[in-house]
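Heads up: the structure comes next, in structure tokens.
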Amino acid sequence: MQAVLDALGTDEFAALNWREAPPASFEQIERVHPPRYVDKVMSRIPAWGSAAIDGDTLLSPGSFEAALRAAGAVCTAIDAVFAGETTNAFCAIRPPGHHAEREKAMGFCLFNNIAIGAAHARKRHGIRRVAIVDFDVHHGNGTQNICAEQADILYVSTHQAPLYPGTGHRDEHGVANNILNIPLGPGTDGVKLRSVWEQEIAPALYAHEPELLLLSAGFDAHRDDPLAEFMFEEDDYVWLTRQLLGVAANCCGNRVVSALEGGYELSALAASAAAHVRTLLEV
Ligand SMILES: [Zn+2]
């Protein structure tokens, strides 16, 4: 988080309109996660030190508030976009969200920020059709788990396979062909990304005609990231962001809300997030 904030705090980004993320309400969270799950997460928060939900997913005394604010950031960004205060927004948040299933925290994730945002947009802003593009190197099993049976939400994921969490196969389609999984092998680079964009991602997005485009923006597909073997570079994130903005310009009045997911090599994470935000600012 600090690496991303430092990168976005330089003079180049002086024009950014920063907003403090408010906590999401329980009503917002519970459109996606049942109250018994929210209570369970809250009950596991340690008074001091740390507690582990699983080998990856640690809790500190501040984790519950951080998780509420991460989801709140996405909802607030969506409100700002629909109010016309900005065309797009990037949510620099921790914990990430895309591994959090309806009733299961895992992979550093407690609440599924992007799915909570999609539900909020549909409830609060009266839209139906949302597209979520997840370019984190890992499959967003949680987002798929929550969205697979919601025909109006298209979930598209590029991810390395085989790799954690082991989901995201091509034959997982959702109830209405609304899940598009594109598993790719180690060594996948920007050239391959361009080809799957043209052949699969762009056609699926245009066919869905989203009224809002949400991004699960993980930067662990960068070539320097230690958790995976994709070979993306900063320029690939610039290119991808421009394509996504192009879809948003055509389908949904430029409305894009992007939420930080993974990224584990700090200088690559900072440079990639900066490249992404620099490109979002072009609109
Ligand atoms: Zn990841």
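Both ligands and their constituent atoms are indexed starting at 1 by order of listing. Position 1 is the first residue of the sequence, and the numbers go up from there. Side chains included, hydrogens not; waters and symmetry mates left out as well; all remaining heavy atoms used.
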Point to revise | Among Asn178, Asp134, Thr143, the one residue meeting side chain to side chain donor-acceptor pair (under 3.5 Å) with Tyr155 | key: Asp134
Review point. Is the shortest heavy-atom distance from the side chain of Asn88 to the side chain of Asn254 under 4.5 Å?
Key: no
Check your understanding: Does the pair Arg31/Glu27 count as a salt bridge with the N-to-O cut at 4.0 Å?
Key -> yes
Check your understanding: Roughly, to 10 degrees, what angle do Asp220 atom OD2 and Asp136 atom OD1 form around the Zn ion (ligand 1)?
Key -> 100°
Review point. Measuring to the Zn ion (ligand 1), does His98 have an N/O/S atom at a distance below 2.8 Å?
Key: no
Check your understanding: Can you name the N/O/S atom of His138 that is nearest the Zn ion (ligand 1)?
Key -> ND1
Check your understanding: Short question: side chain of Arg44, backbone of Ala52 - any donor-acceptor pair under 3.5 Å?
Key -> yes
